[in-house]
Amino acid sequence: MSKYPFTDIEQRWQAFWEEHQTFRVTEDPTVPKEKRRYILDMFPYPSAAGLHVGHPEGYTATDIYCRFLRMRGYAVLHPMGFDSFGLAAETYAIQKGTHPRTTTEANIDQFRRQIKSLGFSYDWSREVSTHKADYYRWTQWIFLKLHERGLAYVAEVPVWYCEALGTVLANEEVLTTPDGPRSERGNHRVERRPLRQWMLKITEYADRLLEGLEGLDWPESIKAMQRNWIGRSEGANVTFPLADESGSVEVFTTRPDTLFGATYMVLAPEHPLVERITTPEQRAAVNAYRERTNLKSDLERTELSKEKSGVATGAVAINPVNGHKIPVWISDYILISYGTGAIMAVPGHDERDFEFATQFGLPIVRVVAPDDDPDNATELTEAMSAYGVSVNSGRFSGLPTAEAKQKITEWLESKGIGSKAVNYKLRDWIFARQRYWGEPIPVVECDGEYVPIPVDQLPVLLPEVESYKPTGTGESPLAGVEEWVRAECPDGSGRVGRRETSTMPQWAGSCWYYLRYLDPHNEHEFASRDKIDYWMPVDLYVGGAEHAVLHLLYARFWHKVLFDIGAVTTDEPFLRLVNQGMILGEGGVKMSKSLGNVINPDDIVAEFGADSMRMYEMFMGPLEVAKPWSTNGLAGVHRFLDRVYRLSQTDIVDGEPPIELQRLLHKTIRKVTDDTDSLAFNTAISQMMIYVNELYKADALYRALWEPFVLLLSPYAPHLGEQLWVDLGHEPSVSKQSWPEYDPALTVDDEVTIVLQVNGKVRSKLTAATGTSAQELERLALADDRIIEWTTGKQVVKIVAVPDKLVNVVVR
RNA sequence: GCCGGCGUGGCGAAACUGGUAGACGCGCCAGACUCAAAAUCUGGUGGUGGCGACACCGUGUCGGUUCAAGUCCGACCGCCGGUACCA
């Protein structure tokens with residue numbers, strides 16, 4: 001393979017950009033708001049493995065788009081930074097004793113070098129790292145704001161604890177696997193433990209997080225995942241009195257219309273009422289069952305066998321709508337954490353209740369009949385969960401489901417035994433980790449009271465420790481630093497308190513980094529209001545779909561809180577979201593160390609150059625879809641750039657180029673402009689290839705054809721672009737030039753090929769002047785030899801003529 | 001099961017509001033250059049049949065709408081991602 005001097009070219013221009021601060025951007029008030037764009041990449045976690053080929057995919061896409069926008073006169077904010085707190089550095093520290101800061105910062109240096117080697121146009125003066133004190137100071141500040149608003153609290157809750165990681169994990173960080181619940185990071189076994197934890201009241205924002213999705217230009221799949229995660233469902237809470245008048249059981253149901261079909265009740269085994277209502281005869285069985293449930297942890301409980309289990313408590317409740325006495329059971333298919341931890345069981349119309357009732361011989365009653373068969377009173381052989389018409393429901397019989405729900409709820413309300421209710425799957429966010437390498441939670445515990453540290457005393461610095469090992473007692477390694485833990489109570493009482501030793505989860509830093517980029521060196525505020533107004537919200541956010549729920553939901557939550565305290569002026573941070581597709585290994589399998597098919601960007605840059613790497617990743621296919629890597633494909637793109645370079649080495653002539661090439665140029669400008677604007681980089685590149693192929697066939701290289709092309713190419717292959725621009729005798733930088741305009745008149749040919757069809761099949765073609773009328777085309781078609789051949793002896797039924805496209809003759 | 005997405009040559013993929021299916025690239029074939037090879041340049045390349053002009057078939061499957069369907073509608077099949085006893 002021939003090689004144009006890409007290494008020299010790339011090094012030269014990277015040095016130039018660095019020296020001239022080419023991509024530094026400031027807040028110029030003369031630029032109107034509509035001419036400003038904030039284009040954001042998801043910042044990386046700087047792992048020891050270095051950059052992966054997946055990183056440059058999104059980064060290249062935004063880089064091309066930013067360079068394009070700048071050339072079209074936009075002020076563009078395009079920063080980069082590092083999500084640098086997290087478990088990997090700490091795990092390494094535990095093994096080797098190296099300070100996490102040391103490894104993290106070495107990794108950051110490596111990442112920065114690798115990212116720079118690809119020629120991205122970031123404003124590096126805005127770089128942030130979440131582990132730096134001047135950054136996490138403001139993470140702590142936001143935490144205090146949350147606390148001030150009552151959105152941060154301490155609770156003893158059963159939390160996921162991971163022995164191997166030595167920390168608790170958020171619900172979202174725990175995966176359900178065939179081997180039971182596992183940590184998302186490292187796939188370790190986790191178990192429930194009741195522990196005192198800092199929590200964030202994200203549930204208070206559930207509705208707003210749900211509604212906010214409406215106006216966002218995000219992939220439908222991500223919105224669906226967030227909706228599903230929030231899991232809002234509407235229904236009613238209903239109170240069932242106990243038959244012995246000793247109390248009542250409250251349940252949540254989405255189907256109050258099926259109340260007449262409730263033939264028994266089920267409580268979660270952990271439900272506090274179980275203790276009290278269990279009859280002496282059932283106590284032994286109930287205790288045994290509760291113990292078994294506990295031991296099963298959530299492993300078999302959720303995963304194994306759809307088979308239901310359960311035990312009767314011996315208690316009896318009364319169905320408030322019909323006075324029927326119904327038994328109260330416990331079963332592990334009822335989760336304590338959802339709704340009221342208790343249900344009314346309607347086996348006729350709920351699949352799970354049906355299975356349970358079948359297994360234990362409980363009565364099954366039909367209270368809903370299908371719409372198209374409202375008199376149906378047959379016995380149910382399976383649960384009917386579809387809507388229909390109420391039957392066997394007293395005075396509510398005959399009502400369609402939606403109406404029955406409403407009427408019965410109203411009736412319950414009037415009797416004071418029920419009310420409309422909304423439930424969410426979303427739980428409050430467990431916000432503490434028993435780890436060293438994270439932001440200290442800025443609170444001191446004084447005699448059982450949690451006193452926040454005043455904002456003017458921030459940051460609470462992470463102290464040096466002897467050992468990074470978790471204590472195993474569920475406490476952070478920070479608990480061992482006595483002189484740090486002992487602290488004066490910030491309330492001025494003179495009491496001696498104990499610092500909070502948990503740190504924040506890794507998500508904390510990434511919840512607001514896009515705001516710090518706006519004003520990264522501000523020592524007085526997390527970002528100045530002027531700068532927030534100048535740039536926010538983020539116009540385009542590009543990153544992997546793996547952050548669909550966690551990062552994107554948490555960041556939206558924090559942003560809404562900041563909005564509520566008046567710190568930001570928009571209530572959604574990211575207007576448009578694009579997920580780049582995964583880059584797979586050659587052959588379409590996942591890239592992984594164990595398969596040995598991992599591509600290292602450094603190797604590609606060394607062998608083919610950064611411009612080839614960038615352009616290949618964009619040429620592979622649409623940005624959003626998963627695509628397999630192909631070294632041959634990469635070589636093809638490299639060959640293209642090599643052809644471009646060799647073309648530039650020929651003599652350039654002035655003068656008027658042939659009209660056909662001018663037309664192709666203008667079509668190319670149009671296509672590349674439109675496609676770059678819509679992030680369809682693959683087709684923009686193919687148009688550039690078509691253009692270069694034609695230039696190769698021309699007798700000479702005309703300046704008027706070459707200069708605009710260099711401009712079009714420059715966002716894609718910025719190093720080569722700069723070089724070709726100066727080779728044309730211009731001053732750098734090409735990135736400061738205006739994007740070429742096309743002449744619409746030159747994007748249309750004066751002649752077009754018209755397809756001639758008979759009964760929809762192409763039988764001939766002809767060339768006609770652009771804009772030839774339908775009547776004229778019809779006449780020409782009927783005079784065509786081949787059309788005559790295909791139509792003689794047949795009756796012409798109809799002729800459809802579409803100008804500049806085709807003529808279809810329909811015959812019988 | 002449910003939610004979201006995707007099925008087009010040997011491969012990655014194009015195809016604007018329905019209007020020449022397969023642009024561009026890879027691979028392959030041929031020619032030019034060369035003592036030769038590589039590199040490079042030029043041309044060809046969906047399948048089947050035919051010496052050929054051509055003909056027929058072809059966008060996961062089946063059916064529908066239309067002069068015309070990869071594109072619209074209905075049913076189904078397959079793959080990928082997410083989620084799962086959430087009452």
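Reminder, nothing fancy here: chain letters follow the sequence lines and each chain counts from 1.
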Using atom P in both nucleotides, what's the gap between B/rC3 and B/rU8 to the nearest angstrom?
24 Å
Please give, in whole Å, the distance from B/rA14 P to A/M620 CE?
12 Å
Considering only atom P, compute the distance from B/rG49 to B/rG43 and round it to an integer number of Å.
29 Å
When you compare the side chains of A/S764 and A/D784, does any donor N or O come within less than 3.5 Å of an acceptor on the partner?
yes
Gap between atoms CZ and C1', on A/F681 and B/rA14 respectively (whole Å):
17 Å
Base orientation of B/rG58, syn vs anti, 90° cut from 0:
anti
Relative to each other, are the rings of A/F709 and A/F640 parallel, tilted or perpendicular (30° and 60° limits)?
perpendicular
Please determine whether a side-chain nitrogen or oxygen atom of A/K798 lies at a distance below 4.0 Å from atom OP1 or OP2 of B/rC67.
yes
Using the C1' atom as the reference point in each nucleotide, state the distance between B/rU40 and B/rG18 in Å, no decimals.
43 Å
Counting distance only, does the side-chain N/O of A/D804 pair as donor-acceptor with the main-chain N or O of A/G771 below 3.5 Å?
yes
Using whole Å, report how far CE of A/M615 lies from C1' of B/rG12.
16 Å
Could you write nucleotides 20-27 of chain B as a row of B, S and -, 5' to 3', where a protein heavy atom under 4.0 Å of any base atom gives B, of only sugar-phosphate atoms gives S, and otherwise -?
B--BBSSS
Identify the two heavy atoms, one from A/A342 and one from A/E250, that lie closest to each other, and give their separation to 0.1 Å.
CB-O, 3.7 Å
Describe the nucleic acid contact of A/W790 in one word from base, sugar-phosphate, nothing, applying a heavy-atom distance below 4.0 Å.
sugar-phosphate
Minimal heavy-atom distance between A/Y264 and A/D353, with the atoms involved, is OH-O, 2.9 Å
Side-chain atoms of A/T253 come closest, of B/rC85, B/rA13, B/rA87, to B/rA87
Only one of A/Y554, A/W507, A/W229, A/Y205 passes ring-ring contact (aromatic ring centres under 6.0 Å, His included) with A/W429; say which it is.
A/Y554
When we call it a touch if two heavy atoms are under 4.0 Å apart, what does A/V810 touch: a base, just sugar-phosphate, or nothing?
sugar-phosphate
Between B/rA84 and B/rC72 - C1' atom distance, rounded Å:
34 Å
Using a 3.5 Å limit on both distances, find every run of at least three consecutive Watson-Crick or G-U pairs that involves RNA chain B.
B:1-7 with B:77-83, B:10-12 with B:24-26, B:27-32 with B:40-45, B:46-49 with B:54-57, B:60-64 with B:72-76
Value in whole Å for how far the C1' atom of B/rA87 lies from CD1 of A/I336:
13 Å
Might you point out which heavy atoms bring A/N597 and A/S592 nearest each other, and give the distance in Å?
OD1-N, 2.9 Å
Tell me what A/P622 touches on the nucleic acid: a base, only sugar-phosphate, or nothing, going by heavy atoms under 4.0 Å.
sugar-phosphate
Quick one: A/I330 CD1 to B/rA87 P, roughly how many Å, whole number?
22 Å
Length of the line joining A/D642:CG and B/rA38:P, which is rounded to integer Å:
18 Å
Hey, does A/R763 reach any base, or is it just sugar-phosphate, or nothing, if we go heavy atoms under 4.0 Å?
sugar-phosphate
Show, in sequence, the C-alpha distance, side-chain angles and deciding distance for A/H638 and A/Y4, and conclude whether the ring pair (Phe, Tyr, Trp, His ring centres under 6.0 Å) test is met.
CA-CA 9 Å; A/H638 180 77; A/Y4 74 96; 5.7 Å; yes
Taking B/rA14, B/rA87, B/rG43 as options, the one with an atom nearest any side-chain atom of A/K697 is B/rG43
For B/rC57, does either OP1 or OP2 sit under 4.0 Å from a side-chain N or O belonging to A/K761?
yes
To the nearest 0.5 Å, what is the distance between CG on A/L552 and CG on A/L577?
5.5 Å
Rounded to whole Å, the OH-C1' distance (A/Y333 to B/rA84) equals 16 Å
On RNA chain B, compare the nucleotides closest to A/S233 and A/P628; which residue's is nearer the 5' end?
A/P628
Identify the heavy atoms of A/P347 and A/G261 that sit nearest to each other, and give their distance.
CD-O, 3.8 Å
Which comes earlier along RNA chain B counting from the 5' end, the contact point of A/G341 or that of A/V802, where each point is its nearest nucleotide?
A/V802
Residue set satisfying salt bridge (Lys or Arg N to Asp or Glu O under 4.0 Å) with A/D677, at least two apart, ordered chain then number -> none
Which atom names give the shortest non-hydrogen contact between A/L584 and A/V589, and what distance separates them?
CB-O, 3.3 Å
Where A/V274 and A/A268 come nearest, the two heavy atoms and their spacing
CG2-O, 3.8 Å
Where does the angle between the aromatic ring planes of A/F356 and A/F360 fall among parallel (under 30°), tilted (30 to 60°) and perpendicular (over 60°)?
tilted
Below 3.5 Å between N/O atoms, which protein atoms pair up with nucleotides 73-82 of chain B? Just atom names and distances, please.
none

What distance, rounded to whole Å, do you find between the two P atoms, one in B/rG78 and one in B/rG60?
16 Å
Base, sugar-phosphate alone, or nothing: which one does A/A626 contact when heavy atoms must sit under 4.0 Å apart?
sugar-phosphate
Tell me what A/R227 touches on the nucleic acid: a base, only sugar-phosphate, or nothing, going by heavy atoms under 4.0 Å.
nothing
Phosphate OP1/OP2 of B/rA39 contacted by A/R643 side-chain N/O (<4.0 Å):
no
Taking only the P atom of each, what is the distance from B/rG47 to B/rG52 in whole angstrom?
15 Å
Taking B/rC76 as the reference, what is the distance to B/rU66 when you measure between their P atoms (whole Å, please)?
24 Å
Assign A/R786 to base, sugar-phosphate, or nothing according to its heavy-atom contacts below 4.0 angstrom with the strands shown.
sugar-phosphate
Scan A/Y696 against the nucleic acid and name what it touches under 4.0 Å (heavy atoms): base, sugar-phosphate only, or nothing.
sugar-phosphate
Close N or O pairs between protein and nucleotides 45-51 of chain B (under 3.5 Å):
none

Atom-pair distance (CE on A/M384; C1' on B/rA87), nearest Å:
17 Å
Is A/K405 salt-bridged to A/E234, going by a charged N under 4.0 Å from an acidic O?
no
Between A/N423 and A/S233, does any side-chain donor sit less than 3.5 Å from a side-chain acceptor?
no
Quick one: which residue pairs count as a side chain to side chain donor-acceptor pair (under 3.5 Å) with a foot in residues 679-700 of chain A, not counting sequence neighbours?
A/R643-A/N693, A/T668-A/Q687, A/D675-A/T683, A/E694-A/K697
Mind checking the C1' distance from B/rU71 to B/rG50? Whole angstroms is fine.
34 Å
